[in-house]
Every structure is written in structure tokens, then in C-alpha cells.
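Working notes, beginning with the structure itself.
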Amino acid sequence: MVDKRITFESGNFRNFPQIRWSFSHMRELMPTAAVWRGAGTPSPFDRSDMSAEIDTLDFVDIDGRTRRFDEALFDTYTDGIVILHRGSIVYERYFGALEAHLPHECQSCTKSYTGTLAAALAHEGVLDDAKKIPYYLPELRGTAWEDATLRQTMDMQVGLTHSEDYADERSDLWRYRWAFGRLPRPTGYEGPRNSCDYLRTISKQGAHGAFVYQSLNTQVVAWVMMRATGRSFTQLLQERLWAPLGCEQDAYVEIDPAGMPLAEGGLSATLRDFARFGELMRCEGEWRGKQLIPASVVHDVQNSVDMAECSEIPLPGYSYRGKWWVTNNELGAFEARGIHGQRLYIAPKAEMVVARFSSHPIASGGDDSIVSPQMLAIGRMLRA
């Protein structure tokens with residue numbers, strides 16, 4: 001029936017409950033570029049099933065309500081979850097439309113891939129994070145990034161005249177989505193028609209140096225990487241992560257009408273391949289005897305400073321560095337986070353990684369009161 005169809009042209013593919021299907025079928029709705037897994041054999045995971053113990057684990061959410069682990073997965077619209085302990089899969093579940101072989105939207109967890117690659121390139125001397133953005137991108141002279149360093153851009157410390165409110169359709173976020181092609185453009189639209197043209201319209205607001213979460217900064221970082229290396233974002237993912245990690249499936253990234261990948265939120269990957277990236281970071285950039293990411297990159301993230309006075313952090317105690325959120329909790333956990341409940345939770349002191357995809361009806365902040373205590377509880381259980 002027509003009223004049941006999920007299409008790009010209607011825009012309903014980003015509505016709930018349609019996202020329960022569309023998040024694992026984005027390549028059927030809009031243009032994408034593949035991230036090839038390479039010709040090698042997938043790297044195997046050992047398994048040590050702990051489903052019975054984990055499902056019945058009780059924890060208390062932020063509102064003081066006692067919940068059971070498995071029931072909380074349904075309460076938070078989980079599409080799939082993989083838990084690794086010491087590199088072995090101890091728990092794996094899929095719900096709804098998601099299957100093990102299907103890539104799912106990572107949303108802003110994509111940013112953590114981008115930030116990690118940029119930090120690695122800076123470590124190698126390919127990038128200099130003290131340079132101003134126009135050193136790499138003269139196209140951005142006269143914009144907010146004219147006097148912003150690459151480091152400030154990596155850490156979301158650039159003052160922009162841009163609002164990013166997922167609950168307000170008058171927000172600048174919608175104009176960005178129209179420019180990129182992530183939503184159908186309204187009749188008579190005459191604005192920018194790709195992401196780079198949109199970035200050139202952004203002016204400075206206030207002084208740089210204070211944390212303000214703005215996805216546009218990550219798109220600039222990716223553009224810098226591509227300019228400096230001569231490699232596309234999808235090639236960098238393939239050459240530095242997907243093939244060396246022995247991923248099981250190709251990933252893909254949404255692209256704009258000019259072919260620019262959405263490096264701030266457009267990656268779709270399978271759940272186990274998502275978990276492989278988390279395990280790489282837990283092991284300080286080493287993957288089965290090979291150093292894929294410099295250990296100093298991981299240490300730099302872990303040693304970031306608590307931003308107690310910042311109103312934009314998800315929960316008290318958090319900090320932000322290089323496109324990663326840092327909990328500063330007892331597990332030493334840091335995480336990639338995306339709207340609608342995507343999360344890659346890395347807890348070194350529990351030797352644990354949790355990869356989680358979701359399709360929560362509330363874009364931002366809909367499940368923190370449950371998921372954050374849930375992650376802490378499973379980490380405490382595995383650490384014991």
C-alpha cells in the first residue's frame with residue numbers, strides 16, 4: 001500500500017517507526033560509496049556465550065528504577081548489540097529489521113572514525129593540527145574556519161553561526177541536510193547543493209576555544225584529510241581500517257550530489273565490524289600484532305579533561321577529545337555516540353567493548369538515563 005511505503009522523496013524514511021527499517025537499508029534510499037573490506041579472510045572472533053547471565057542482570061537507571069538487562073534493550077529500541085570481553089563475543093542479539101550481515105547507520109559515531117584517522121595522520125606528520133584550516137582548504141577563507149586551527153576543529157571548539165537542533169525544523173540543520181541531499185529539498189529551493197558549498201556560507205560567531213557540538217566541524221576535518229592525502233574518506237577507511245581489521249562486510253558512506261562523503265554521520269557498518277573498531281581502540285590501536293593506530297592517539301583521548309561546566313555534555317563528568325566522548329568513570333570508558341541511540345562503548349578497565357545500534361524515536365538524548373547505567377553495570381559484572 002502507498003501509505004506504507006518508505007521513500008526518500010517523501011522524507012518519511014527519517015521518521016519513527018520507519019527508521020526501524022531504513023537505518024539498515026540506507027543504500028536503497030540515497031547515494032552511497034562503498035568501503036571495501038578487502039580481499040582477505042575475515043578476522044575471526046572467539047565466542048564465550050554469557051547470554052543467560054547478562055540477560056538477567058539487574059541495574060538501576062538514572063531515575064532510580066530497577067531494570068533487567070534484556071528488557072532494557074526493548075525499552076531503548078535496540079536494533080542489535082554485541083558485547084566483547086577480552087576480544088571474545090560474550091553476547092550478541094539482533095531485533096527487528098537488522099541482521100548480522102546488514103550495515104546499519106552509525107550516525108555520529110562516524111565522527112569517531114574521522115577523528116581517529118585525522119589524529120593518526122597528525123601523528124605521522126601528514127597533518128599539522130596547529131595549522132589554520134585555510135592552510136589546507138583555501139576555499140574556507142572568509143568563513144568561520146579562517147582563523148580556526150585543525151585541533152580546534154577536531155575538538156569542536158569553533159564558533160559557528162549555525163544551529164543544530166534535531167527537534168526544531170527551523171534549525172540550520174535542515175538547510176544543511178537539504179544541501180547535502182539527506183532530505184528532499186523543498187519546492188523552490190535555491191540554496192547550496194553540496195556540503196562544501198554549504199560550508200562556505202558559515203560565518204564565525206564569538207571566539208574559538210569553547211566546546212560547542214557542531215557536526216560541520218567534522219566535515220571540515222574530513223575535507224582536510226582528503227586534500228592532504230589525495231585519498232577519499234572511503235579509501236582512508238578501507239586502507240587503514242576495514243581491510244587491516246579483517247572486517248566481514250563492506251561498509252558504505254552516504255555521499256552528496258558532488259560525491260563528497262558524509263564523514264560526520266553517514267557511515268553504515270555491520271555490528272560486528274563496528275565492534276572490531278571498538279576492540280582496536282581498547283587495545284590501544286593494536287590489532288592482532290599490528291599497530292594500526294598509534295597508541296598515543298588513544299592515550300590522548302583517554303587523558304582529556306572533565307568539562308564539568310559545559311552545558312552540552314551528555315552526563316556530568318564527561319569530556320570530549322578528537323571526536324570521542326570520554327566518561328571519566330570507574331571503567332575508564334570512552335565512547336562514540338550517534339543520534340537515535342547508536343553507541344560504541346569502550347571500557348578498558350573492564351576489558352569490554354559494547355557495540356550497539358538503535359532506532360530510538362527521539363533523535364538526541366532519548367535513552368541516556370537507561371543506557372549509560374546499563375553499560376556501567378555490565379562492565380562491573382565482567383570486571384568482577
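Sequence positions, counted from 1, serve as the residue numbers for this chain.
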Identify every side-chain donor-acceptor pair in residues 192-199 under 3.5 Å, counting partners at least two apart or on other chains, and give the distances.
residue: Arg193; atom: NH2; partner: Tyr189; partner atom: O; Å: 3.0
residue: Asn194; atom: OD1; partner: Cys196; partner atom: N; Å: 3.2
residue: Asn194; atom: OD1; partner: Asp197; partner atom: N; Å: 2.8
residue: Asn194; atom: ND2; partner: Asp197; partner atom: OD2; Å: 3.2
residue: Ser195; atom: OG; partner: Asp256; partner atom: OD2; Å: 2.9
residue: Asp197; atom: OD1; partner: Arg200; partner atom: NH2; Å: 2.2
residue: Tyr198; atom: OH; partner: His162; partner atom: NE2; Å: 3.0
residue: Tyr198; atom: OH; partner: Asp172; partner atom: O; Å: 3.4

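In this pair, His25 and Trp21 present their aromatic rings parallel. The plane angle is below 30°, not in the 30 to 60° band. Ring geometry, Tyr213 versus Trp325: the interplanar angle falls under 30°, so the pair is classed parallel (tilted spans 30 to 60°). By the 30° and 60° cut-offs, the orientation of the rings of Tyr113 relative to Phe274 is parallel.
Counting only distance, with no hydrogens or angles, the side chain of Gln219 and the backbone of Pro261 share a donor-acceptor pair below 3.5 Å. Looking only at distances, a side-chain donor or acceptor of Arg227 sits under 3.5 Å from a matching main-chain atom of Tyr136. No side-chain donor-acceptor contact under 3.5 Å links Thr161 to the backbone of Ile202. Judged purely by atom type and a 3.5 angstrom limit, Thr78 has no side-chain atom pairing as donor or acceptor with the backbone of Phe74. Using modelled atom types, one side-chain atom of Gln152 and one backbone atom of Thr149 make a donor-acceptor pair closer than 3.5 Å. Here the side chain of His208 pairs a donor or acceptor atom with the backbone of Gly159 at under 3.5 angstrom. Proximity of a side-chain donor or acceptor of Asn12 to a complementary backbone N or O of Gln18 within less than 3.5 Å is not detected. Checking side-chain atoms of Asn217 against main-chain N and O of Met156 turns up no donor-acceptor pair under 3.5 Å. The main-chain N or O of Glu264 is never found under 3.5 Å from a side-chain atom of Ser215 such that the two would form a donor-acceptor pair. Without hydrogens or angle criteria, Ser268 side chain to Tyr252 main chain gives no donor-acceptor distance under 3.5 Å.
Taking 4.5 Å as the limit, every side-chain heavy atom of Arg67 sits out of range of all side-chain heavy atoms of Thr76. Side chains of Asp368 and Arg343 form a contact here, defined as non-hydrogen atoms less than 4.5 Å apart. Under the 4.5 Å side-chain criterion, counting only non-hydrogen atoms from C-beta, Ser359 is in contact with Arg20. Two residues are said to be in side-chain contact when any heavy atoms from C-beta on lie closer than 4.5 Å; Val224 and Lys131 fail this criterion.
Distance check, rounded to the nearest 0.5 Å: CG of Leu241 to CZ of Arg37 gives 14.5 Å. Interatomic distance, Leu183 CG to Phe8 CZ, rounded to the nearest 0.5 Å: 6.5 Å. A distance of 4.5 Å separates OG in Ser88 from CG in Asp46, rounded to the nearest 0.5 Å. Between the NZ atom of Lys111 and the SG atom of Cys106 there is a distance of 11.5 Å, given to the nearest 0.5 Å. Of the inter-residue distances, the one linking Ile19 atom CD1 with Gln107 atom CD reads 8.5 Å to the nearest 0.5 angstrom. Separation of atoms SG (Cys109) and CZ (Arg337) is listed at 9.0 Å; rounding is to 0.5 Å.
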Evaluate the criterion side chain to side chain contact (heavy atoms under 4.5 Å, CB included) for residue pair Thr116 and Leu280; output intermediate values, then yes/no. CA-CA 11 Å; Thr116 301; Leu280 173 71; over 6 Å; no
Side chain to side chain contact (heavy atoms under 4.5 Å, CB included) evaluation trace for Phe45 with Leu84: CA-CA 9 Å; Phe45 278 120; Leu84 305 180; 4.0 Å; yes
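No path of Ile, Leu, Val, Met, Phe, Trp and Tyr side chains, each step under 4.5 Å between heavy atoms, connects Tyr77 with Tyr91, placing them in separate hydrophobic clusters. Hydrophobic clustering of Ile, Leu, Val, Met, Phe, Trp and Tyr side chains at less than 4.5 Å, counting indirect connections, unites Trp287 with Val35. Met30 and Tyr176 fall into different hydrophobic clusters, defined by Ile, Leu, Val, Met, Phe, Trp and Tyr side-chain heavy atoms under 4.5 Å apart, directly or through other members. Residues Tyr94 and Val353 share a hydrophobic cluster, clusters being chains of Ile/Leu/Val/Met/Phe/Trp/Tyr side chains in contact below 4.5 Å.
Annotation for Val298 and Met281: closest pair CG1-O, 3.5 Å, computed over non-hydrogen atoms. Val82 approaches Ala275 most closely through the heavy-atom pair CG1-CB, 4.2 Å. In terms of heavy atoms, Ala144 sits closest to Val158 at O-CG1, 4.0 Å.
Asp58 and Thr66 form no side-chain donor-acceptor contact under 3.5 Å, judged by distance and modelled atom types alone. Remark: the Arg175 side chain and the Thr201 side chain contain no N/O donor-acceptor pair separated by less than 3.5 Å. Judged by distance alone, the side chains of Asp165 and Ser163 never bring a donor and an acceptor atom under 3.5 Å apart. Tyr318 and Glu335 share a donor-acceptor pair across their side chains, judged by distance under 3.5 Å alone.
A salt bridge links Asp147 with Lys204: the closest approach of a Lys/Arg side-chain nitrogen to an acidic carboxylate oxygen falls below 4.0 angstrom. Ion pair Arg27/Asp250 not flagged as a salt bridge, since none of the NZ, NE, NH1 or NH2 atoms sits closer than 4.0 Å to an Asp/Glu carboxylate oxygen. The residues Arg14 and Glu105 are annotated as salt-bridged, a charged nitrogen and a carboxylate oxygen being separated by less than 4.0 angstrom. The pair Arg282-Glu279 counts as a salt bridge, with a side-chain nitrogen and a carboxylate oxygen less than 4.0 angstrom apart.
Surrounding NZ of Lys132 are at most 12 heavy atoms belonging to other residues, nucleotides or ligands under 6.0 Å away. Applying the 6.0 Å contact sphere to OH of Tyr135 captures no more than 12 heavy atoms from other residues, nucleotides or ligands. Environment of CZ in Arg68: crowded, with over 12 heavy atoms of neighbouring residues, nucleotides or ligands closer than 6.0 Å.
In this structure, Arg321 is not positioned above the aromatic face of Trp324 in the sense of NZ or CZ being under 6.0 Å from the six-membered ring centre and within 45° of the axis. The cationic group of Arg93 does not satisfy the cation-pi geometry with Phe95, failing either the under 6.0 Å distance to the six-membered ring centre or the 45° limit from the ring axis.
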